[in-house]
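For reference, the structure discussed in these notes is given below.
Note that the structure is a prediction, hence the values are computed from the model and not measured.
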Number of protein chains: 2
Amino acid sequence: MSGEVTIYDIAEKLGLSAATVSRALKDNPAINSNTKKKIRAAAEAMGYRSNRFASNLRKRTTNTIGVVVPRLNSNFMSTAISAMEKMASDAGYSLIIVQSLESPAKEIANIRTLFNSRVDGLMAALSSEQETDIDFRILTDRGIPVVFFDQVPSGSSQPCIIIDNAQAAHAITMHLIGQGCKRIVHLTGNVKRFVYRERLSGYKMALLEAGIPFDEELVLHSDLTELSAPDIANRILEMDGRPDALFAANDMSAAACLTAFRERGLSIPGDIAVAGFNNDPISRLMQPNITTINYPAYQIGATAATYLLNHLTGKSSLQATNKVILHADLLVRESTMRLPHNDQLRSVF
Amino acid sequence: MSGEVTIYDIAEKLGLSAATVSRALKDNPAINSNTKKKIRAAAEAMGYRSNRFASNLRKRTTNTIGVVVPRLNSNFMSTAISAMEKMASDAGYSLIIVQSLESPAKEIANIRTLFNSRVDGLMAALSSEQETDIDFRILTDRGIPVVFFDQVPSGSSQPCIIIDNAQAAHAITMHLIGQGCKRIVHLTGNVKRFVYRERLSGYKMALLEAGIPFDEELVLHSDLTELSAPDIANRILEMDGRPDALFAANDMSAAACLTAFRERGLSIPGDIAVAGFNNDPISRLMQPNITTINYPAYQIGATAATYLLNHLTGKSSLQATNKVILHADLLVRESTMRLPHNDQLRSVF
DNA sequence: TTGTAAGCGTTATCAC
DNA sequence: GTGATAACGCTTACAA
């Protein structure tokens with residue numbers, strides 16, 4: 001730690017100035033290519049490593065991008081982050097990742113931490129919405145670009161990468177209705193979050209369009225985890241007038257409910273159709289496999305990173321009005337196929 | 001960006017010195033509590049944020065921990081990293097995460113990047129092994145602590161957090177044998193990796209112990225992804241003398257093979273028993289649910305982070321010989337229960 | 001093509 | 001309790 005080699009050490013050893021060494025190491029064209037070679041060789045031999053802090057301090061830029069997410073251990077998040085890491089890394093940027101774990105206080109603290117870490121830019125999926133306008137402003141006010149994805153602030157005109165959640169939910173609900181379902185339960189998460197609110201509204205729109213009266217009782221709320229599914233399944237089975245379909249806002253809870261239904265002896269989709277959201281691997285592997293929306297995690301992550309990086313490297317500018325809406329197809333699978341010959345079938349993978 | 005407030009600005013405004021401001025902001029007990037209050041108020045009012053780079057440059061420490069993984073989008077990795085992030089964040093550290101994506105070259109580059117980023121410590125799961133001894137030394141030689149987890153360098157005496165993979169594989173194989181299976185296929189990954197090599201050896205040991213001759217033909221290699229499973233399932237079904245069990249080295253491929261088997265009309269576990277490894281959610285939700293090993297991702301991540309943080313904060317020292325072996329229980333489930341009354345049943349969750 | 005020198009914003013070491 | 005001052009290692013006008 002103490003014996004770090006600096007450009008001064010190299011300079012001294014070679015009888016040059018630190019400035020020349022600095023330039024050579026950064027491949028400055030002004031430097032003679034022979035001296036460059038010598039300097040590089042010496043740097044290598046002496047075990048030199050550039051001190052990022054000195055450099056950052058001087059240049060006022062960090063080549064670091066912050067990522068804020070509610071939790072990082074879901075198939076969607078880890079896949080999106082994986083894409084971001086690849087893009088960032090290829091462009092010479094590092095990623096600092098923080099999760100807010102459903103705590104608004106931690107989310108605020110995280111934003112401040114990244115702010116103090118002087119990240120060059122930020123990609124964020126929100127866990128709650130209140131603090132958005134308040135706290136991201138400390139960043140945007142100083143010109144630090146922020147790109148939102150997945151859970152984005154509604155209303156505001158921040159750049160964001162999303163799918164049309166309402167339309168996707170509308171499509172899946174219409175499909176269920178087309179399969180003859182009349183009492184469709186929608187299992188949703190915290191509707192303070194953008195995606196869940198949007199999906200709920202798509203569900204409602206479809207009912208309206210089909211002339212099915214909206215029934216508040218049929219909307220259930222949970223944290224959408226595997227653990228809470230058995231309880232949800234119970235509540236569905238105990239309803240007066242048993243529902244004939246479940247549209248869950250993610251695949252994990254769709255799969256877990258489906259399992260619970262089967263354990264009670266119900267047949268899927270005969271007794272109750274089940275649809276999810278995300279196209280997680282589990283939706284493809286369950287028996288029956290589960291109708292869902294293909295939520296393009298990798299593409300969302302890659303797109304968010306590309307926009308941010310292009311902005312940071314000056315290749316293109318991020319407009320506040322940029323709103324990228326990616327496609328998200330309905331994948332009809334066995335768990336909702338109640339009609340024998342169904343030409344709505346589109347894809348199984 | 002340009003109008004950053006510094007401790008000098010605060011000092012000037014308050015008629016104090018920068019040193020005093022610095023001390024007050026760090027809650028140095030030598031400073032009068034009244035001046036502290038004034039300084040804090042001014043800092044807040046002026047929108048001051050500490051410059052980490054100046055601080056790091058001066059203190060020669062970064063409060064940053066590097067994490068190296070093969071890929072971060074698996075249930076195991078994202079859960080382990082989630083735990084690490086929580087521990088690190090609670091201790092005031094940030095995480096820089098890099099993935100090597102199966103490329104040894106990128107793994108080496110990643111290690112250098114983290115090295116140049118002056119991380120205070122490192123947690124690493126390797127994608128290949130060659131470079132371990134070569135490249136991690138640039139860190140350890142300078143006293144930067146490294147804790148390995150999951151994919152660890154074999155032979156070396158680096159601190160690492162693991163389970164006894166061989167014993168777990170032994171247990172699962174013995175269980176299959178106990179269920180009357182005679183021809184057990186083992187589906188493994190790249191055996192250059194520690195965990196797969198160990199699991200394979202546990203499988204062999206169990207066969208040996210049970211007097212079943214080891215058959216090289218029954219060991220299949222793949223990347224253990226969902227995509228390669230159909231091909232693997234085909235190869236198993238086309239073998240002379242159909243196997244009566246599959247022990248896959250992860251749950252994803254176990255689940256995907258199980259699905260493929262069922263599509264061919266086989267019954268599980270009657271025609272072929274299926275076991276996985278990890279206790280991913282999918283193993284619990286599949287029908288039938290899948291016998292597996294509970295690989296404690298969160299605990300592994302939390303333990304690795306705790307050890308590293310305790311070392312960094314001087315609470316306890318990380319000895320090179322530290323090797324923490326966590327428990328990993330066999331979870332017997334439906335996919336391997338071929339005998340009617342089986343007292344080996346331990347748990348379904 | 002190379003050198004000089006002035007910062008970048010903090011913190012540590014002395015002083016007082 | 002507080003202040004001066006000197007690093008920390010790098011980049012970049014400006015000179016030469």
Step by step, would you call B:Lys86 with B:Asp90 a salt bridge (Lys or Arg N to Asp or Glu O under 4.0 Å)?
CA-CA 6 Å; B:Lys86 171 148 183 40; B:Asp90 287 352; 2.9 Å; yes
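We find that CZ of A:Arg52 is positioned 23 Å from P of C:dC8, with the value rounded to whole Å. When rounded to the nearest whole Å, the span between NZ of A:Lys26 and P of C:dT1 equals 20 Å. Between B:Lys36 atom NZ and D:dG1 atom C1' there is a gap of 11 Å when expressed in whole angstrom units. Put simply, CD on B:Glu12 is 13 Å from P on D:dG3, counting in whole angstrom units. Put simply, CG on B:Leu14 is 11 Å from P on D:dT2, counting in whole angstrom units. The CD1-C1' distance, from A:Ile7 to D:dT11, rounds to 8 Å in whole Å. The CZ-C1' distance, from A:Arg60 to C:dT10, rounds to 14 Å in whole Å. Atom-to-atom, OH of A:Tyr48 to C1' of D:dG9 comes out at 8 Å; the value is rounded to the nearest Å.
None of B:Arg71, B:Lys106, B:Glu107 except one satisfies the side-chain hydrogen bond (donor to acceptor under 3.5 Å, both in side chains) rule with B:Ser100; the exception is B:Glu107.
With hydrogens and angles ignored, no donor-acceptor pair closer than 3.5 Å exists between the side chain of B:Tyr8 and the base of C:dC8.
Note on A:Thr6: only backbone sugar-phosphate atoms sit closer than 4.0 angstrom, heavy atoms only; bases stay farther off.
With C:dT4, C:dT11, D:dC10 as the choices, the nucleotide that has an atom nearest any side-chain atom of A:Arg23 turns out to be C:dT4. Taking the side chain of B:Arg58 as heavy atoms from C-beta on, and the options C:dT2, C:dG9, D:dT12, the nearest nucleotide is C:dG9. Listed nucleotides C:dG9, C:dT2, D:dA4 differ in distance to A:Thr35; the shortest reach to its side chain belongs to C:dT2. Nearest nucleotide to the side chain of A:Leu57, out of D:dT11, D:dC8, C:dG9: C:dG9. When distances are taken from the side chain of A:Asn51 to each of C:dT2, D:dG9, C:dT11, the shortest belongs to D:dG9. Comparing D:dG9, D:dG3, C:dT10 by their nearest atom to the side chain of A:Glu4 picks out D:dG9.
Under 4.0 angstrom from either OP1 or OP2 of D:dT11 there lies at least one side-chain N or O belonging to A:Ser55. Regarding contacts with the backbone of C:dT4, every side-chain N or O of A:Ser17 stays at 4.0 angstrom or more from both OP1 and OP2. Taking only side-chain nitrogens and oxygens, B:Ser22 comes nearer than 4.0 Å to OP1 or OP2 of C:dT11.
Between A:Phe76 and A:Phe149, the ring-plane angle classifies as tilted under the 30° and 60° cut-offs.
Cation-pi geometry between B:Arg118 and A:Phe53 is not met: the NZ or CZ atom fails to fall both under 6.0 Å from the ring centre and inside 45° of the normal.
For B:Asn32 and B:Lys59, each mapped to the nucleotide of DNA chain D holding its nearest heavy atom, the one lying further toward the 5' end belongs to B:Asn32. Between B:Thr20 and A:Ala18, the residue anchored nearer the 5' end of DNA chain D, judged by the nucleotide with its closest heavy atom, is B:Thr20.
Ring-centre distance between A:Phe148 and A:Phe136: below the 6.0 Å cut-off.
Residues A:Leu308 and A:Pro145 meet the side-chain proximity criterion, which asks for heavy atoms closer than 4.5 Å.
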